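Data first, discussion second: the structure below is written as structure tokens.
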Protein chains: 2
Amino acid sequence: MATLNEVALRAGVTSATVSNVLRQRGRVGEATRQRVLAAVSALGYRPHLTARALAEGRAPTLALMVSSIANPFYPEFALAAERAARRSGHFMIVCNTNEDPEVGRAYLEQIAGTLSEGVLVMNANLDFEDLYKTERRGAPVVLCMWERPDQPPDLPCVAVDFRAAGAIAAQHLLDLGHTRIGSIIGSKRGGIHAARQDGFREALRAAGVRHPQSTVRFAHDSIRGGYQAACSLLETHPELTAIFASNDLPALGAMHAAADLGLRVPQDLSVVGITDIELARESRPALSTVAVPTCQAAEMAVDLLRQLIERAQRGAATDVGVRAAGMEATGAEAVLATMMRVTSAPILMARASTAEPRASKP
Amino acid sequence: MATLNEVALRAGVTSATVSNVLRQRGRVGEATRQRVLAAVSALGYRPHLTARALAEGRAPTLALMVSSIANPFYPEFALAAERAARRSGHFMIVCNTNEDPEVGRAYLEQIAGTLSEGVLVMNANLDFEDLYKTERRGAPVVLCMWERPDQPPDLPCVAVDFRAAGAIAAQHLLDLGHTRIGSIIGSKRGGIHAARQDGFREALRAAGVRHPQSTVRFAHDSIRGGYQAACSLLETHPELTAIFASNDLPALGAMHAAADLGLRVPQDLSVVGITDIELARESRPALSTVAVPTCQAAEMAVDLLRQLIERAQRGAATDVGVRAAGMEATGAEAVLATMMRVTSAPILMARASTAEPRASKP
DNA sequence: GTGAAAGCGCTAACAG
DNA sequence: CTGTTAGCGCTTTCAC
């Protein structure tokens, strides 16, 4: 691998000049410019990214922390995030934490600020303390899918209004005429899907539809989890005409359960999910769901991160930027702490897994 | 971020000593060692990976080239590969080429040898010339899922015997008593799935079962592609009792098609795929398929890459290592060019999508 | 316009 | 045992 110096030697100039030519900086004589360019291509010179980053005082990558890239939701996000990162001149390192905060900490310790200029966090079960520490060390952190725009966290984030998503799902079922609806929440009670559950529940209440605790199941956020929860739900509550799942995977599982119990979807049972992962379009019947702007979120997250990085490099002593409504500017720290972007609203994707309830259902 | 020098200052030693302490190198007095360690934790020192890599003459990452991480097969592989990479002290950069050789080239140009020490290539539609060039520049390249152990490529690779996989799928169908079998190939004719098709076809021929061209469809390697191909197949050949798909996604699509055409799987139609992606276990009915050792392949690929990297660093002038059978050692170049590892054999996962054909089928 | 020089943070000889 | 000295390959003032 040819170095700058070798190129310089061959062109009869100094490495500074070659650097200037390559970076289109200052005024270099046209003649030398040509000589340099010739040498560059003759030697097949390519800049050494590691060396460049070190000299520039930056880091060449962004880190994406996920619990496991194998979760069907993440690859779509990762794809969009990587594209966006490339646009800002970064490569993307994928960090699978396997839901283990220790692993997450080890990653942050090692690469934040040294190999990665900033950190994107998908729901990876990280210790917030570790994230604060990372930030204090100078490596910006962005939470990629915050579920409560109404309650900004102490970290910059991109928020998706999942409460609205839950409400939209509920409204869809209500509009079809359902009144006996079960729900499957793909997290612990009060866990990550709480906002979705709240939105759903409130929409039902507003419509005067009962939704007793006994028709709610908390499940693992997977097809299998949804399957089990749905079986339990339908066994104890055969009168249900619809099931809401807080995520697409459990919704898919619920459809399987229905099939195994001899119920036809959507004639005997309607099923609706949230997210609109690719699989939702490919299932049989196609899953009705509330689409969340995944790609937009990824782009906004990377963009926010980029801005934070720029600010950090400029010394954090300058302007204010976007911040959460209702907050006073109490110094850069506080402003950073509540910086939030909100994606566009979730939208209903009515497909084949929902329909009007059959009047004849027992 | 504290630097080595700051730590040294505080401990009253020189940065070299701190480095020695941290890297457990040479003999450092216990007293100074303690002082250094104290300073390290007082300052919260963490080594700067970029600087370290530059000084050591290595690169801190491995690059994984995939066409799109959103392809359901890749995340499982990427997860295993990342784990393995961590073990060898590397972080993993994901490079989505979007099937575009230009994009792939741009990645290779930029990071191979400068930010990434080596390159893992999943079927990413890359230009082989670019890969050779990358290798010549000193960044080892490993093909991760070579489909023909019998025909080693000119690049180090991990091969999976997909021909055997095709044969196993065929044998499964034959054992069940099927004789009228259609096949869906998830690539172009003679394309990437050719070995799977060959293995399948030969097994049928060996058993004396006819498999005319008219019962073969080439399709896009996706659920949708499989769906369309299966519709076409079943429309023109209603007598078929089974369908073989060269990949799980098209197999899943074939199941959907059957459902839409009023055929029950497996009673009216058996479907078998290849790979055993997670989804295969979660489909209804669960897909019978031939499992391929994805994780093992990932680990072997990273391991092979690690060895190549080590060799490249030692100067490529030493030992010979594993190489394809029947090749003479004609210098390091030639040896490298034909280095291949073969994973353990694919195995049948007989699940619910296959059964004996109904005697009564028209 | 171009070169000389310092330095990014760390490692790796080699002296002492 | 510890310090000194050179870099790794590149960028970036600042003179000439």
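For clarity, every value in this text was computed on a predicted model and none was experimentally measured. Side-chain atoms are counted along with the backbone in the values below, which use heavy atoms only and exclude waters and symmetry mates. Each chain gets a letter, A, B and so on, in the order the sequences are listed, and its residues count up from 1.
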Consider the side chain of [X], meaning its heavy atoms from C-beta on, and name the nucleotide among [options] that approaches it most closely.
X       : options               : value
B/Arg52 : D/dC10, D/dT4, C/dC10 : C/dC10
A/Thr17 : C/dG3, C/dG7, D/dT12  : C/dG3
A/Ala16 : C/dC10, C/dT2, C/dG3  : C/dG3
A/Val13 : C/dG3, C/dC10, C/dA12 : C/dG3
A/Leu4  : C/dG3, D/dT11, C/dG9  : D/dT11

Need one value for [X]: base, sugar-phosphate or nothing, where a base atom within 4.0 Å counts as base even if backbone is also close, heavy atoms only.
X       : answer
B/Thr14 : base
A/Thr32 : sugar-phosphate
A/Gly57 : nothing

Are [X] and [Y] close enough for a salt bridge, meaning some N to O gap below 4.0 Å?
X        : Y        : result
A/Glu109 : A/Arg137 : yes
B/Arg23  : B/Glu56  : yes
B/Glu30  : B/Arg35  : no

[X] [atom1] to [N] [atom2], straight-line distance once rounded to whole Å:
X        : N      : atom1 : atom2 : result
B/Leu22  : C/dG9  : CG    : P     : 16 Å
B/His48  : C/dC8  : NE2   : P     : 11 Å
B/Asn20  : C/dT11 : CG    : P     : 9 Å
A/Gln34  : C/dG1  : CD    : C1'   : 15 Å
A/Arg35  : C/dG1  : CZ    : C1'   : 12 Å
B/Glu56  : C/dC8  : CD    : C1'   : 16 Å
B/Arg137 : D/dG9  : CZ    : P     : 16 Å
A/Arg58  : C/dG9  : CZ    : C1'   : 16 Å

Start with the C-alpha distance between B/Phe128 and B/Asp154, add both sets of side-chain angles, then the distance that settles side-chain contact (heavy atoms from CB on, under 4.5 Å), and finish with yes or no.
CA-CA 9 Å; B/Phe128 263 54; B/Asp154 289 338; 5.7 Å; no
Do the side-chain N or O atoms of [X] get closer than 4.0 angstrom to the phosphate oxygens (OP1, OP2) of [N]?
X       : N      : value
A/Ser19 : D/dC10 : no
A/Arg46 : D/dG9  : no
B/Arg33 : D/dC1  : no
B/Ser15 : C/dC10 : no

C1' spacing across the pair C/dA6 / D/dT5, given as an integer number of angstrom
16 Å
Which atoms form the tightest heavy-atom contact between A/Ala70 and B/Leu79, and what is the distance?
CB-CD2, 4.1 Å
Between A/His90 and A/Thr61, is the side-chain contact (heavy atoms from CB on, under 4.5 Å) condition met? List the steps.
CA-CA 5 Å; A/His90 293 279; A/Thr61 74; 5.6 Å; no
